[in-house]
Amino acid sequence: MFTPSARTLQRSLALAAALIGAGTVHAAGAADAATPEATPTEDFGACKQRLEQRAVAEGVRPQTAQAVMANAEYLQRVIDLDRRQPEFTTTFADYLNRRVNDDRVTEGRELLREHADLLERITRETGVPGPYLVAFWGLETNFGKYFGKMSVPSALTTLACDPRRSEFFSRQLMAALEIIDEGDIPADQMEGSWAGAMGHVQFMPTVFLAHAVDADGDGKRDLWHSLPDALMSAGHFLQSMGWDGDYRWGREVRLPEGFDYSLADGRRLPLSEWRKKGITDAFGNALADEPVKAKLLVPAGHRGPAFLVYHNFRVIMGWNQSEYYAVAVGYLADRIAGAGKLQQPPPEDVPSLSRSRVIQLQTALNDAGFDAGEPDGILGPATRAAIRQYQQAKGLVPDGYPGQQLLASLRVIDQP
Ligand code: CA
């Protein structure tokens, strides 16, 4: 048996490891070379045994590790979901309209009023304003309506025993076992998404372990049944990533006629510099003449909305590394706080691209001498940079966006 002090030491070592990997809730961390990982030949029983031993070595009580691992089952559906690849790219309009709609805004505003006292308390402790907390809650679980029904210990054991991202999910499983060992939730009630995200705000276990708090004073960190625990934990996590209470996430802006779109997605410049380039707020009013740095985004190309985003945008991306997600959080928070719709809604007449069409596009860019990297069917930063360079060379608006004009210019067409 571990003495309390030995357990505490193991805990802090495990916590340090968890913190290193806790940059994002959803993104995978780097593999740790010091621990063995699942191999294609290891069977599930042997893998479970190895994980149980590791948990005990990391300070989980043997009876907890044994009991949870004995009940952990292999879930083929989890592997199927992990292997799934979207057939089509999601357009910004599709993404945003599905997540920030009038029903969600109305419900968010009601919940902001209903939980005003709790939210004010969280803002006092963490600096994160209520509308953002409600926005995360809305985007993660539609305000607590859908937590996921997967057994988290079984899902994480399945993924830890699969070679694809074995170490990341092994670390998540270790954290889940520690949470169970601490008594925050019984193993059979630890439910979540197929990837192990849990409760009202879908925390991964390492983030839970590092940032979850007991805000209602019952001695447990319960992110499933206690809204104070869940939202206070969200506030603490955002605070730990450097939430800036002085500025918002960003804002919609209006770009002047003839604006140089090659400045989008690029460097962070002081607001005063953007102001000199003729950018105004979405209503045409002058931007504040301040030194705060901002980055320009045009997620739907030059026909869609433009945003200047501040430091908190990067904090939101620490929660989920997707620019679409971060814009959706900020926009939903603004709407919940009382703001109207975007002045320039994203165009809806843009077709989403199939993977094969993106591969065609990448191949065409490479063939034309614009390096889009190895064609993989994913519209990442390298592809966008190559698109922008091509657009500049051809006298098109260099917004880095694969619109119809670009596709026609590169003769990229859907193959039958
Ligand atoms: Ca509690």
Side-chain angles (χ1 to χ4, degrees), residues 4 7-8 11-12 14-15 18-19 22 25-26 55 59-61 63-65 67-68 107-108 110-153 155-156 172-193 195-241 243 319:
R7 267 190 88 199
T8 307
R11 279 277 150 73
S12 46
L15 184 64
L19 281 167
V25 184
H26 298 292
V60 175
R61 276 178 297 191
Q63 58 266 46
T64 304
V68 178
E107 191 172 0
E110 284 164 7
L111 291 165
L112 184 72
R113 276 193 296 275
E114 187 183 328
H115 300 287
D117 291 348
L118 169 66
L119 293 165
E120 275 166 28
R121 185 182 144 210
I122 299 171
T123 307
R124 274 199 308 278
E125 277 193 32
T126 68
V128 183
Y132 289 96
L133 298 163
V134 176
F136 277 104
W137 186 23
L139 287 174
E140 291 294 338
T141 60
N142 199 17
F143 309 116
K145 289 189 204 61
Y146 184 72
F147 290 174
K149 297 289 284 176
M150 262 330 154
S151 155
V152 168
L156 291 177
Q172 296 301 331
L173 177 65
M174 296 302 120
L177 289 165
E178 285 201 50
I179 293 163
I180 294 163
D181 204 26
E182 295 276 5
D184 290 306
I185 186 98
D188 61 356
Q189 289 176 33
M190 187 184 249
E191 292 185 339
S193 77
M198 305 181 292
H200 280 282
V201 288
Q202 296 285 282
F203 269 19
M204 289 297 284
T206 50
V207 174
F208 185 122
L209 209 51
H211 303 289
V213 291
D214 169 27
D216 62 13
D218 72 348
K220 290 178 181 170
R221 298 169 293 180
D222 185 346
L223 305 191
W224 295 262
H225 309 99
S226 167
L227 192 61
D229 286 10
L231 294 184
M232 184 68 87
S233 298
H236 274 271
F237 181 41
L238 292 165
Q239 182 187 35
S240 79
M241 291 189 290
W243 187 268
W319 182 300

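Order of appearance sets the numbers: ligands from 1, and atoms from 1 within every ligand. Just the heavy atoms: all of them, side chains too, but no hydrogens, waters or symmetry mates, feed the values below. Residues take their numbers from the sequence shown, with the count starting at 1.
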Give a yes or no on whether the backbone of H236 and the side-chain of T126 come within a donor-acceptor separation of less than 3.5 Å. no
Report the C-alpha separation of F147 and H200 in whole Å, then their side-chain angles, then the decisive distance to 0.1 Å, and conclude whether the ring-ring contact (aromatic ring centres under 6.0 Å, His included) test is met. CA-CA 6 Å; F147 290 174; H200 280 282; 4.8 Å; yes
K220 near the Ca ion (ligand 1) via N/O/S, less than 3.0 Å: yes
What class does the angle between the rings of W224 and F208 fall in, given that below 30° is parallel, 30 to 60° is tilted and above 60° is perpendicular? tilted
At the Ca ion (ligand 1), what is the angle formed between atom OD1 of D229 and atom OD1 of D216, rounded to the nearest 10°? 80°
Which single N/O/S atom of D214 lies at minimum distance from the Ca ion (ligand 1)? OD1
Have a look at D218 and say which of its N, O or S atoms is nearest the Ca ion (ligand 1). OD1
Just by modelled atom types, is the D229 backbone N or O under 3.5 Å from a matching donor or acceptor in the R221 side chain? no
